[in-house]
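Notes to accompany the following structure.
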Protein chains: 2
Amino acid sequence: MSKSRKVKKPNQRKPLVELTEAEWEIMKVVWEKQPCSAGTVQEKLVKSRDRAYSTVKTTMDRMAEKGFLTIKRIRNLQLFQACISEIDARRGEFRKMLKRAFDGTLTPLMQFLIEHEGLSKEEASQLRKLVTRAKNSKD
Amino acid sequence: MSKSRKVKKPNQRKPLVELTEAEWEIMKVVWEKQPCSAGTVQEKLVKSRDRAYSTVKTTMDRMAEKGFLTIKRIRNLQLFQACISEIDARRGEFRKMLKRAFDGTLTPLMQFLIEHEGLSKEEASQLRKLVTRAKNSKD
DNA sequence: GAATATATTCGACAACTGTCGAATTTGTCA
DNA sequence: TGACAAATTCGACAGTTGTCGAATATATTC
């Protein structure tokens, strides 16, 4: 038996998830509170940025059409649940950014962070730790 | 006289640059060829994704209105130049992503990269080098 | 200077986003 | 059962984005 070396993952072909600004705000609440109603989400959001119930509900319905949420009906009530994970959403957001602005590869991004985003000594150290850990935990 | 330690930069208040997909494609050509005409940009873009001249021109005019490009007229010709740097655009794109998807801070992003984006040993090593260099060059 | 080639102008349109209010449906309770 | 409350439905609208063609203006070339 060969080593348990991972077989190269066959590039996931699932299209990347792309959320709009409003969708991100809603998804964050849903991930936290699901299953939950539109009202619950609206009440939570109203504290940060004021939006009418129907605004939130409309957006959530559209998200369900897009396959980001599912609706479970209980009598008169609709309970929403996420169909995508936070990881998927983060991946989509990150890759879109990387592709648009950094040629799709990490190196230019890292270069940019260090040269222009003022990575502090502490951040750098933290990063280094993370990277080291990564080194020891895979391939 | 105190050490030449940098004074904390007073958070730049310039609003972050945000480009759309089409704008990114155009900006890349402009950065490379400026000053250049809409025709030049269109000819370059037509190779990758086919777009009519008027599509490119309309978008560039809108970008001028938004302050991303300036137009210098020479007789009948309009020469476009960038008003924003690639760094500014990258910064905008990166920060938008960070804010939306990673709480606005680097650590969760790095965590994500290592756990879910399959940072390879080589990439990790490269990253480590960059970070080390950063450590020695600042603060 | 007439024909040809190049640019610019500008209105138009569909899709997507963010936003809401009004009408309707469905509970709940005294 | 009738009144009040809570949810849902749905049409609407303005702003942005991506797209383009037709009309117009401006060179260039025989």
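Sequence lines set the chain letters: A, B, ... in the order given, protein chains first and strands last, and positions in each chain run from 1. If you're wondering where the values come from, they're calculated on a predicted model, not measured in any experiment. Values below: all heavy atoms of this structure, side chains included; hydrogens, waters and symmetry mates excluded.
- For DNA chain D, none of the residues of residues 19-48 of chain A falls under the heavy-atom distance limit of 4.0 Å.
- The distance from atom CG of A:D61 to atom C1' of C:dT17 is 15 Å, rounded to the nearest whole Å.
- Taking atom CD on B:Q78 and atom P on D:dA25, their separation rounds to 15 Å, with Å as the unit.
- Across all strands, B:R62 comes closer than 4.0 Å to base atoms (heavy-atom distances).
- Straight-line distance from the CD1 atom of B:I74 to the P atom of C:dT8: 11 Å, rounded to whole Å.
- Between B:K33 and B:K44 there is a side-chain heavy-atom pair separated by less than 4.5 Å.
- Between A:L77 atom CG and D:dT9 atom P the separation is 11 Å, expressed in whole Å.
- Taking the side chain as every heavy atom from C-beta outward, B:R49 and B:R51 approach each other to under 4.5 Å.
- At a threshold of 4.5 Å between non-hydrogen side-chain atoms, the residues A:T70 and A:F80 do not count as touching.
- B:E93 CD to B:D88 CG: the interatomic distance, rounded to the nearest 0.5 Å, is 13.0 Å.
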Please list, for nucleotides 21-24 of chain D, all pairs of protein and nucleotide N/O atoms separated by less than 3.5 Å.
from   : atom 1 : to    : atom 2 : distance (Å)
D:dG21 : N7     : B:S54 : OG     : 2.8
D:dG21 : O6     : B:S54 : OG     : 3.3

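- Looking at B:K72 and B:Q78, their side chains never come closer than 4.5 Å, going by heavy atoms from C-beta outward.
- In the set D:dT17, C:dA7, C:dT19, C:dT19 carries the atom at the smallest distance from any side-chain atom of A:R49.
- No side-chain heavy atom of B:E25 sits less than 4.5 Å from a side-chain heavy atom of B:L19.
- One atom, CZ of A:R73, and another, C1' of D:dT9, lie 10 Å apart when rounded to the nearest Å.
- Positionally, the nearest nucleotide of DNA chain C for A:R51 lies more toward the 5' end than for the other of A:N76 and A:R51.
- Using a 4.5 Å heavy-atom cutoff, the side chains of A:L69 and A:M60 are in contact.
- Under a 3.5 Å cut-off, the side chain of B:K99 and the backbone N or O of B:T105 do not form any donor-acceptor pair.
- The side chain of B:K57 lies closest to C:dT9, out of D:dT19, C:dT9, D:dA7.
- Hydrophobic cluster membership differs between B:W31 and B:I87, with clusters built from Ile, Leu, Val, Met, Phe, Trp and Tyr side chains linked at under 4.5 angstrom.
- With rounding to whole Å, A:R75 atom CZ is found 8 Å from C:dG27 atom C1'.
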